[in-house]
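Heads up: the structure comes next, in C-alpha cells.
So that the names make sense, note that chain A is the first sequence line, chain B the second, and so on, each numbered from 1. Computed from a predicted model, the values in this text were never measured in an experiment.
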Number of protein chains: 2
Amino acid sequence: MCMNLKLATEIGKCLSNNPRVQILEWLKEPEKHFPPHETLKHFNDGVCVTYIQEKAGLSQSTISTYLANMEKCGLLIITRHGKWSYFKRNEELIRQYTEFLL
Amino acid sequence: MCMNLKLATEIGKCLSNNPRVQILEWLKEPEKHFPPHETLKHFNDGVCVTYIQEKAGLSQSTISTYLANMEKCGLLIITRHGKWSYFKRNEELIRQYTEFLL
DNA sequence: TAAATATATCGATAATTCTCGATATATAGA
DNA sequence: TCTATATATCGAGAATTATCGATATATTTA
C-alpha cells in the first residue's frame, strides 16, 4: 500500500497522543525499555501487550486499543505466539510516512 | 528548539486532520496549487491565508486557526507583509520531526 | 478620517477521541 | 475439562477537537 493523504492522516491520528508516540519511541530499543521475555529470548517480534501496558501505566483495554489502531494504519506489525501478541515497529511504513511529509 | 516527545505530539496533532495535512502538501509546491500574487511576484514567503482558505473550502476563521496552530508548533513559518500573512513550510522542523520518528 | 480588505480571536455546538471497567475470546496448563 | 493468563471488544462518560458565524484588530486606500 502506498502512502496517500488519507493514510497519512490516519497515521497522524495515531501520532497525536502522548502515550502512542511514547510507545513508538520505546519500541525503537525494546531491550532498553522492557524486561527480557521468559519464553522467547529475543525481541525479534517486538514486545507483548502486558509489558507495554505496565510501562505506559494505562489500562489494559486502552493499550490494547492503541496497539490495534497503530497496527491497523501500519505503524506496528503484530505477531502472535500462543496467547501472546507481540508488537514491533514497521520501519518501512514509517519511512514511507516521513518521505511523504518531506 | 530540539525535538522531544511533547513537541512531537503537538506536531502529530496538527497532522491528525485532513485539511491540515493537505495544506502542508500544497505548500510543497505553492506555484502549482495557488494563483500568483498580484503584489508580490513570488512565493518566497509562502501563501496568504485567503488563498489557502479558498482552496481548502473551509471558513476563514477555521483556516486562520489551523495555520496559527501549525505555526505555533513550528510546522509553518509566518511572514507578514502589510495586511497579508504568508505561510510557508518550515522544512528544517519537518526534517527534525521525521528524524525523531525514524 | 472613513471605508474596505485581510487576518485573528471569541463563543458555541457537534463530532471525535480518551480512557475506563466489564466482559468476551483464545490459549495453555493442571 | 476447569482454571489461569493474555488479549480483544463493548459501552459509557469526560475531555478534546472541528468548525462555524460574529466580531475585533490591523493595514491600506479613498
Tabulate atom names and distances for all N/O pairs under 3.5 angstrom spanning the protein and nucleotides 14-19 of chain C.
unit_1: dT17(C); atom_1: OP1; unit_2: K13(A); atom_2: NZ; d: 3.4
unit_1: dC18(C); atom_1: OP1; unit_2: R20(A); atom_2: NH2; d: 3.0
unit_1: dC18(C); atom_1: OP2; unit_2: R20(A); atom_2: NH1; d: 3.3
unit_1: dT19(C); atom_1: OP2; unit_2: N17(A); atom_2: ND2; d: 3.2
unit_1: dT19(C); atom_1: OP2; unit_2: Y66(A); atom_2: OH; d: 2.2

*asked:* For a side chain to side chain contact (heavy atoms under 4.5 Å, CB included) check, start with the C-alpha distance between K13(A) and T9(A), then their side-chain angles and the critical distance, and finish with the verdict.
replied: CA-CA 6 Å; K13(A) 285 183 186 180; T9(A) 303; 4.3 Å; yes
*asked:* Any heavy-atom pair between the side chains of L93(B) and I77(B) that's under 4.5 Å?
replied: no
_Using a 4.0 Å cut-off to any heavy atom of chain B, which nucleotides of DNA chain D are the first and last in contact, reading 5' to 3'?_
dT17(D) to dT28(D)
_Sub-4.5 Å side-chain heavy-atom contact between N44(A) and T79(A)_ = no
*the helix from dT1(C)-dA30(D) to dA30(C)-dT1(D): angle between its terminal axes, five pairs each, to 10°?*
20°
*asked:* Is the shortest side-chain heavy-atom distance between Y97(A) and L15(B) below 4.5 Å?
replied: yes
*Using a 4.0 Å heavy-atom cut-off across all strands, classify I52(A) as base, sugar-phosphate, or nothing.*
nothing
*Stepwise side chain to side chain contact (heavy atoms under 4.5 Å, CB included) check, E99(B) with M3(B)*: CA-CA 9 Å; E99(B) 274 162 23; M3(B) 192 54 53; over 6 Å; no
*Please work out if T50(B) contacts a base, only the sugar-phosphate, or nothing of the nucleic acid, heavy-atom cut-off 4.0 Å.*
sugar-phosphate
*asked:* Less than 6.0 angstrom from the centroid, inside 45 degrees of the normal: does K28(A) satisfy that with respect to the ring of F100(B)?
replied: yes
*What distance do N17(B) atom CG and I23(B) atom CD1 have between them, rounded to the nearest 0.5 Å?*
8.0 Å
*Evaluate side chain to side chain contact (heavy atoms under 4.5 Å, CB included) for L67(B) paired with I78(B), printing each intermediate quantity in order.*
CA-CA 9 Å; L67(B) 295 172; I78(B) 184 172; over 6 Å; no
*Under the side chain to side chain contact (heavy atoms under 4.5 Å, CB included) criterion, do L58(B) and Y66(B) qualify, and how do the steps go?*
CA-CA 11 Å; L58(B) 289 169; Y66(B) 282 0; 4.1 Å; yes
*How are the rings of F34(B) and W26(B) set relative to one another: parallel (under 30°), tilted (30 to 60°) or perpendicular (over 60°)?*
perpendicular
_Of Q60(B) and S61(A), the one whose closest DNA chain D nucleotide lies more 5'_ = S61(A)
*Can you tell me how far CG of N90(A) sits from CG of L75(A), rounded to the nearest 0.5 angstrom?*
7.5 Å
*With heavy atoms under 4.0 Å as the rule, sort S85(A) into base, sugar-phosphate or nothing.*
sugar-phosphate
*Reckon I78(A) touches a base, only the sugar-phosphate, or nothing at all at heavy-atom distances under 4.0 Å?*
sugar-phosphate
